[in-house]
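A short worksheet on the structure shown next.
All of these numbers come straight from a predicted model, not from anything done at the bench.
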Amino acid sequence: MNAQAPDVVCLQETKAQEHQLPLEALDVTAFPYAVFADAKRKGYSGVAVLSKQEPIRTVRGLGMEDFDAEGRFARMDFEGGLSIASLYVPSGTMGPVRQAVKENFLERFLPILVALKNEGHPFIICGDYNIAHLDIDVFSVKSCAKTTGFLPQERAWFDDVVDHVGWVDAFREVNTAPKQFTWWSGWRGAWENNLGWRIDYQLVTPDLGPKVRAASIYKSERFSDHAPVTIDYEL
């Protein structure tokens with residue numbers, strides 16, 4: 001982070017309480033401002049936004065009490081009208097019960113996305129969406145078609161977000177190549193052979209689409225099952 005020197009960093013799955021992650025302990029003194037949304041359940045979920053610039057407002061949660069207790073959304077508003085949020089969509093990998101929870105979240109989150117877009121100012125929602133949207137966003141359509149994260153109803157939800165609500169997949173504004181993955185399972189050889197999924201996105205309001213200048217996925221080191229996504233905007 002210090003070497004790359006971004007203006008804002010969004011984190012998902014912090015898996016810690018805010019008091020366990022003081023900025024001085026994280027050694028990120030270049031980012032003096034932070035907002036955390038922690039899960040009530042310890043060692044679970046959690047998101048954060050770190051910034052060089054002081055926000056004029058911070059928000060924790062989406063107003064959905066059950067999901068806000070899982071620490072899934074944190075937001076910073078900046079002078080000049082830009083908002084940036086960190087989002088962690090529930091995963092359905094634990095089975096049908098959690099898949100139902102995930103789909104419940106998606107259903108209730110869609111009108112919130114409409115409202116956020118209709119605020120009428122530039123907005124970036126960075127996050128682990130736990131959905132691969134297009135065929136080029138998975139290593140094998142056939143292998144993934146019946147797997148949570150690539151189910152027809154999940155992909156249809158993403159279609160709605162982009163085609164009807166009007167959010168823009170910032171990464172695809174400048175990079176339309178296949179096999180641009182951000183997550184790899186623990187299967188042997190998945191990382192080494194790039195058998196991955198693209199499930200981490202920066203969705204932006206349409207006014208920011210033309211302002212995307214570069215997009216990259218950092219794979220020189222492996223920190224976890226996800227890889228950091230970096231997008232440069234000319235603002």
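Of all the heavy atoms in V212 and A170, the pair that sits closest is CG1-O, 3.8 Å. Listed here is the closest heavy atom pair of A214 and V174: C-CG2, 4.0 Å. Nearest heavy-atom pair across S45 and A39 is CB-CB, 4.1 Å. A pairwise comparison of heavy atoms in C126 and I84 identifies SG-CG2, 4.4 Å as the closest pair. The heavy-atom pair separating F150 from L134 by the smallest distance is CE1-O, 3.6 Å. The two atoms that bring V47 and Y88 nearest to each other are CG1-CB, 3.6 Å, heavy atoms only.
In summary, the side chains of E154 and Q99 do present a donor paired with an acceptor at a separation below 3.5 Å, with no hydrogens or angles considered. With no hydrogens or angles considered, no side-chain donor-acceptor pair links D159 and H164 at under 3.5 Å. A side-chain N or O of Q4 and one of T230 form a donor-acceptor pair less than 3.5 Å apart.
Within the 3.5 Å criterion, the main-chain N or O of E18 finds a donor-acceptor partner in the side chain of D38. Checked by atom type and distance alone, the side chain of R72 never pairs as donor or acceptor with a backbone atom of A69 at under 3.5 Å. In this structure a side-chain-to-backbone donor-acceptor pair under 3.5 Å is present from D68 to M64. Proximity of a side-chain donor or acceptor of T182 to a complementary backbone N or O of D200 within less than 3.5 Å is detected. Side-chain N or O atoms of N175 include none that pairs as donor or acceptor with a backbone N or O of F171 at under 3.5 Å. N130 places a side-chain N or O within donor-acceptor distance of the main-chain N or O of V89, the cut-off being under 3.5 Å. No donor-acceptor distance shorter than 3.5 angstrom exists from the side chain of T205 to the backbone of D207, with no hydrogens or angles considered. A distance-only check finds no donor-acceptor pair linking the side chain of S83 to the backbone of F123 [under 3.5 Å]. Although no hydrogens or angles enter the test, the distance criterion places no donor-acceptor pair under 3.5 Å between the side chain of R198 and the main chain of A132. Using modelled atom types, no side-chain atom of Q180 and backbone atom of W197 make a donor-acceptor pair closer than 3.5 Å.
Under the 4.5 Å side-chain criterion, counting only non-hydrogen atoms from C-beta, I112 is in contact with F109. L87 places a side-chain heavy atom less than 4.5 Å from the side chain of Y129. Looking at L208 and V168, their side chains never come closer than 4.5 Å, going by heavy atoms from C-beta outward. V162 is listed as a side-chain neighbour of H133, based on a closest heavy-atom distance under 4.5 Å. Within the 4.5 Å cutoff, the side chain of Y233 has no heavy atoms near those of the P122 side chain. Using a 4.5 Å cut-off on side-chain heavy atoms (C-beta onward), Q53 and D7 make no contact. For the pair D135 and R155, the minimum side-chain heavy-atom distance is below 4.5 Å. Using a 4.5 Å cut-off on side-chain heavy atoms (C-beta onward), C10 and V49 make contact.
For the side-chain contact (heavy atoms from CB on, under 4.5 Å) with D128, the qualifying choice from I199, V229, L11 is I199, the only one to do so. None of K40, R41, R98 except one satisfies the salt bridge (Lys or Arg N to Asp or Glu O under 4.0 Å) rule with E70; the exception is R98.
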> What's the verdict on side-chain hydrogen bond (donor to acceptor under 3.5 Å, both in side chains) for E107 and Q153, showing C-alpha distance, side-chain angles and the deciding distance?
Replying inline: CA-CA 11 Å; E107 180 181 355; Q153 64 269 28; over 6 Å; no
> Please walk me through it: do H226 and E13 pass side-chain contact (heavy atoms from CB on, under 4.5 Å)?
Replying inline: CA-CA 10 Å; H226 293 261; E13 286 193 271; 4.0 Å; yes
>> Pair V35, R75 - check side-chain contact (heavy atoms from CB on, under 4.5 Å), show working.
In response: CA-CA 7 Å; V35 56; R75 165 181 174 176; over 6 Å; no
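Residues L203 and L110 fall within the same hydrophobic cluster, defined by Ile, Leu, Val, Met, Phe, Trp and Tyr side chains chained together at heavy-atom separations under 4.5 Å. If you chain together hydrophobic residues whose side chains sit under 4.5 Å apart, F181 and V141 fall into the same group. Note on V161: it clusters hydrophobically with Y201, by side-chain heavy-atom contacts below 4.5 Å among ILVMFWY residues. When the side chains of ILVMFWY residues are joined at heavy-atom separations under 4.5 Å, either directly or via intervening members, I231 and W167 end up in two distinct hydrophobic clusters. Put simply, I217 and I131 are part of two different groups of oily side chains (I, L, V, M, F, W, Y) that touch within less than 4.5 Å, one to the next.
The stretch residues 16-69 participates, sequence neighbours left out, in these ring-ring contact (aromatic ring centres under 6.0 Å, His included) pairs: F67-F105. Pairs of residues two or more places apart, or lying in two chains, never qualify as salt bridge (charged side-chain N to carboxylate O under 4.0 Å, His left out) while including a residue from residues 42-55.
Between the OG1 atom of T148 and the CD atom of E103 there is a distance of 7.5 Å, given to the nearest 0.5 Å. Note: I124 CD1 to S86 OG = 12.0 Å, rounded to the nearest 0.5 Å. With rounding to the nearest 0.5 angstrom, the CG atom of L195 is 8.0 Å from the OG atom of S185. Interatomic distance, CZ of F158 versus CG of L106, reported as 10.0 Å (0.5 Å rounding).
Between D137 and R172, at least one side-chain nitrogen of the basic residue sits less than 4.0 Å from a carboxylate oxygen of the acidic one, meeting the salt-bridge criterion.
Scored by the side-chain hydrogen bond (donor to acceptor under 3.5 Å, both in side chains) test, W184 finds N194 as partners (sequence neighbours excluded).
Around NZ of K211, the count of heavy atoms belonging to other residues, nucleotides or ligands within 6.0 Å does not exceed 12. Counting heavy-atom neighbours within 6.0 Å of M94 CE, excluding the residue itself, gives a total of 12 or less. With a 6.0 Å radius and a threshold of 12 heavy atoms from other residues, nucleotides or ligands, E192 has its CD atom above the threshold.
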